[in-house]
Amino acid sequence: MTERIPRNLFILALVSLLLSVSCGRNVVFTDSFAIPERIWTLNEKPSFDVQVSDSITANNISFLIRTGSDYPFRNIFLFVSTVLPDGKTLTDTVQYNLADDKGDWYGKGFGDIHSLSLPYKSNIYFPLKGTYQFKIQHGMRIEDLEGVYDIGLRVEKIRK
């Protein structure tokens, strides 16, 4: 005898699937760079090439970071260089808190790994079509930053 799936469960699964598929359509770019041996050296500058074909839709840009419990700080400074398709470079220094004053990590965690999305730019328009290159360097006061598993970049269109 075959077992039937309850109608409510089927509808819930279908709605969840549709929501996850429709949300993925807004993603312009997402990628991550694994930090060798979980030690982000000052010389290591992960780079992400984002192909932009839409200059009229607003976007949100965020960094994705995964750290371990051996990460020695509650915050992180990043130096971000963006090379536009015309060769011009924009540079930012940004600072993010990864944990609160008590040492409780923000974001999601499993075991000793903590994942966090760090908002970088909100509601921005890419002025030119073409390839934008984002280079990220840690800006901490030590050369070898331990406990960083990976750093990533995510660009999402804002749908109105």
Side-chain angles (χ1 to χ4, degrees), residues 14-68 71-100 104-110 113-160:
L14 183 62
V15 169
S16 297
L17 177 67
L18 289 173
L19 285 175
S20 66
V21 169
S22 66
C23 291
R25 291 187 185 150
N26 293 339
V27 176
V28 173
F29 178 88
T30 185
D31 197 7
S32 64
F33 177 84
I35 303 298
E37 300 179 29
R38 298 187 305 238
I39 299 174
W40 192 357
T41 65
L42 209 50
N43 296 331
E44 189 73 58
K45 299 175 187 174
S47 177
F48 302 96
D49 292 339
V50 179
Q51 187 63 38
V52 173
S53 59
D54 181 354
S55 60
I56 60 172
T57 304
N59 297 271
N60 290 332
I61 303 173
S62 57
F63 301 116
L64 309 167
I65 190 166
R66 285 190 326 134
T67 58
Y71 183 79
F73 304 104
R74 292 184 326 189
N75 68 337
I76 190 167
F77 282 87
L78 301 175
F79 300 134
V80 183
S81 295
T82 307
V83 181
L84 282 65
D86 63 2
K88 292 181 183 173
T89 301
L90 305 171
T91 304
D92 286 320
T93 301
V94 292
Q95 186 263 338
Y96 298 98
N97 290 322
L98 305 179
D100 64 18
D104 294 326
W105 294 97
Y106 297 129
K108 298 176 185 174
F110 182 75
I113 301 173
H114 314 283
S115 299
L116 185 60
S117 178
L118 310 170
Y120 175 53
K121 300 277 185 181
S122 297
N123 201 32
I124 64 127
Y125 295 85
F126 291 104
L128 304 169
K129 293 180 182 180
T131 302
Y132 288 75
Q133 184 179 61
F134 293 85
K135 297 177 187 176
I136 307 167
Q137 179 182 29
H138 82 75
M140 302 305 282
R141 293 185 178 168
I142 60 174
E143 213 167 299
D144 296 335
L145 186 58
E146 293 186 30
V148 181
Y149 284 74
D150 51 56
I151 184 80
L153 180 76
R154 183 177 180 95
V155 179
E156 291 183 81
K157 289 181 183 182
I158 300 173
R159 297 283 184 196
K160 295 182 179 179

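These numbers come from the heavy atoms of this one structure, side chains and all, not from hydrogens, waters or symmetry mates.
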Residue pair Lys129 / Ser55: nearest heavy atoms and the distance that separates them: CE-OG, 4.1 Å
Distance, nearest 0.5 Å, that separates CD1 of Ile39 from CD of Glu146: 5.0 Å
Given Gln137, Met140, His138, the one that forms side chain to side chain contact (heavy atoms under 4.5 Å, CB included) with Phe77: Met140
Close side-chain approach of Leu128 to Val52, heavy-atom, < 4.5 Å: no
Which atom of Val80 lies closest to which atom of Val94, heavy atoms considered: CG2-CG2, 4.2 Å
Leu145 side chain reached by Phe73 side chain, heavy atoms, under 4.5 Å: yes
Flag if over 12 foreign heavy atoms under 6.0 Å of CD, Gln95: yes
Closest contact, heavy atoms only, Ser117 versus Pro119: O-CD, 3.6 Å
pair Tyr120-Leu78: side-chain heavy atoms closer than 4.5 Å: no
Ile113 CD1 to Thr67 OG1 distance, which is reported to the nearest 0.5 Å: 9.0 Å
Nearest-0.5 Å distance, CG of residue Asn60 to NZ of residue Lys157: 13.0 Å
4.5 Å side-chain heavy-atom contact, Ile142 and Asp144: no
Distance in Å, Asp150 CG paired with Arg38 CZ, rounded so as to fall on 0.5 Å steps: 11.0 Å
Any side-chain heavy-atom pair of Ile65 and Tyr96 under 4.5 Å: no
Heavy-atom side-chain proximity of Phe79 to Thr93 below 4.5 angstrom: yes
Asn75 vs Leu98 side-chain heavy atoms within contact, under 4.5 Å: no
Min side-chain heavy-atom separation Ile136-Phe48 under 4.5 Å: yes
Atom pair CG/CD of Asp49 and Gln133 - distance to nearest 0.5 Å: 4.5 Å
Parallel, tilted or perpendicular: rings of Tyr132 and Phe126 (30°, 60°): tilted
Residues Thr30, Leu64; criterion side chain to side chain contact (heavy atoms under 4.5 Å, CB included); working and verdict: CA-CA 9 Å; Thr30 185; Leu64 309 167; 4.2 Å; yes
Side-chain donor/acceptor of Tyr71 to backbone N/O of Tyr149, under 3.5 Å: no
Spacing of CZ belonging to Phe63 relative to CD1 belonging to Ile61, to within rounding of 0.5 Å: 8.0 Å
